[in-house]
Trainee: 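Before I ask anything, let me first share the structure, which is written out below as structure tokens.
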There are 2 protein chains.
Amino acid sequence: MKQDAKSKLALNTYTKLMRGTESVTARVGRKMSDAGLTISQFGVLEALLHKGPMCQRDVASKILKSTGNITLVIDNLEKQGLVQRERSLEDRRYCTVLLTGKGRELIVATFAEVEAAIIAEMGVLTDEEQQTLGKLCKKLGLREG
Amino acid sequence: MKQDAKSKLALNTYTKLMRGTESVTARVGRKMSDAGLTISQFGVLEALLHKGPMCQRDVASKILKSTGNITLVIDNLEKQGLVQRERSLEDRRYCTVLLTGKGRELIVATFAEVEAAIIAEMGVLTDEEQQTLGKLCKKLGLREG
DNA sequence: CTGAAACGATTAAATGTCAAACTATTTTTT
DNA sequence: AAAAAATAGTTTGACATTTAATCGTTTCAG
């Protein structure tokens, strides 16, 4: 294949990857916003649900956002009574963040919705296609830079 | 395959898709921020470069953002002297947005950088893999909802 | 033990994002 | 032609995001 055609293929593939992903993200994201949650808020609650209480730094690394960001997201979740901060007694630099009852209820229900939406989205691909897609995406993500 | 395993596969594929795409986006996006442009700003300039002057509504639909958003992005580009607004004379509701010389220079150079980065990113996949990835992503994006 | 370095969290400033309300202009209806 | 509907753009308010600066706390080295 000529270099020029190779470039076109690469750009074309990139575009399809972006469009497809955005499209899926938008539809799955709607389940979150239907529940009154942003994607980040959902991510925080989901991490707390599945990994248990943790400090803000760990939350940040779990959802791949900056710590400055997490402060605000948790502020907003706290205002809504979905999570609670507890300053650690042993090391007062740490804030442990934990779900409230209300928060747990909401994230359990919303997670189920989101999970179903993801399964529906991926359902347009056969199992084999999904495996292939996963493999290719993993390859793309590898060279962490 | 059992339903449970099917669900796991779907969630797993979704995660890989998101991670891989984020990873690529971050690295390609660095070329834009190196040039002092945000992703949105790049998108606007690129549209103007390749499609020629257009009104804000068309810019918005081209980069898939809300019109309220575009107003601000173009405000910021205008402040930097990269684009220029011209109120249409026939229909005064329309603003035609066009590149300045400075804007054209910047986007031509930056686009080349970004294009090279994309080609490099996709280069970890063989041509055949790229074709497969493109096809699968297209399938995922289809059911516009 | 004390000062320096490291670390977790917070804050601030710049930009982006959307949705919704609003303005100005044009087109359509009656 | 006047009223109503549609359209392009702007503004506003709430949230997100990053980077960099700052605050308070803890650890560690001398």
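Chain letters run A, B, ... following the sequence lines, proteins first, then strands; residues in each count from 1.
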Trainee: In whole Å, I'd like the distance from the CD1 atom of A:I39 to the P atom of C:dG16.
Mentor: 19 Å

Trainee: How many whole angstroms separate atom CD of A:Q41 from atom P of D:dC15?
Mentor: 8 Å

Trainee: If only side-chain N and O atoms of B:T38 are considered, is one of them under 4.0 Å from the OP1 or OP2 phosphate oxygen of C:dT15?
Mentor: no

Trainee: A:K102 side chain to A:Q80 main-chain N or O, any donor-acceptor pair under 3.5 Å?
Mentor: yes

Trainee: Return the value, rounded to whole Å, for the distance between atom NZ of A:K65 and atom C1' of D:dC15.
Mentor: 12 Å

Trainee: Rounded to the nearest 0.5 Å, how far apart are CD of B:Q131 and OG1 of B:T126?
Mentor: 8.5 Å

Trainee: Round to the nearest Å and state the distance from A:L72 atom CG to C:dT17 atom C1'.
Mentor: 14 Å

Trainee: Ignoring hydrogens and geometry, is there a side-chain-to-backbone donor-acceptor pair from B:K62 to B:E46 under 3.5 Å?
Mentor: no

Trainee: How long is the line joining CZ of A:R30 and C1' of C:dC18, in whole Å?
Mentor: 13 Å

Trainee: Side chains of A:E22 and B:T21: does their closest heavy-atom pair fall under 4.5 Å?
Mentor: no

Trainee: Whole Å only: how far is the CG atom of A:N69 from the P atom of C:dA14?
Mentor: 18 Å

Trainee: How does protein reach along nucleotides 2-7 of chain D, written 5' to 3' as B (base within reach of a heavy atom under 4.0 Å), S (only sugar-phosphate), or - (no contact)?
Mentor: ----BB

Trainee: In this structure, how many angstroms lie between the C1' atom of C:dT17 and the CD1 atom of B:I63, rounded?
Mentor: 11 Å

Trainee: Using a heavy-atom cut-off of under 4.0 Å over every strand shown, decide if A:S66 touches base, sugar-phosphate, or nothing.
Mentor: base

Trainee: For the side chain of A:T100 and the backbone of A:L82, is there at least one donor-acceptor N/O pair under 3.5 Å apart?
Mentor: yes

Trainee: Could you check whether B:D75 pairs with B:K79 (Lys NZ or Arg NE/NH1/NH2 to Asp/Glu carboxylate O, under 4.0 Å)?
Mentor: no

Trainee: Looking only at heavy atoms, what is the nearest atom pair of B:C95 and B:R85, with distance?
Mentor: SG-CD, 4.0 Å

Trainee: In residues 75-91 of chain B, what residues come within less than 4.0 Å of DNA chain C, judged by heavy atoms?
Mentor: B:N76, B:E90, B:D91

Trainee: Using the salt bridge (charged side-chain N to carboxylate O under 4.0 Å, His left out) rule, collect all pairs that involve residues 104-116 of chain A, keeping only residues at least two apart or in two chains.
Mentor: none

Trainee: Nearest whole angstrom, please: distance from the C1' of C:dC18 to the CD1 of B:I70.
Mentor: 12 Å

Trainee: Is there a side-chain contact between A:V97 and A:L77 in this structure, where contact means two heavy atoms from C-beta onward sitting under 4.5 Å apart?
Mentor: no

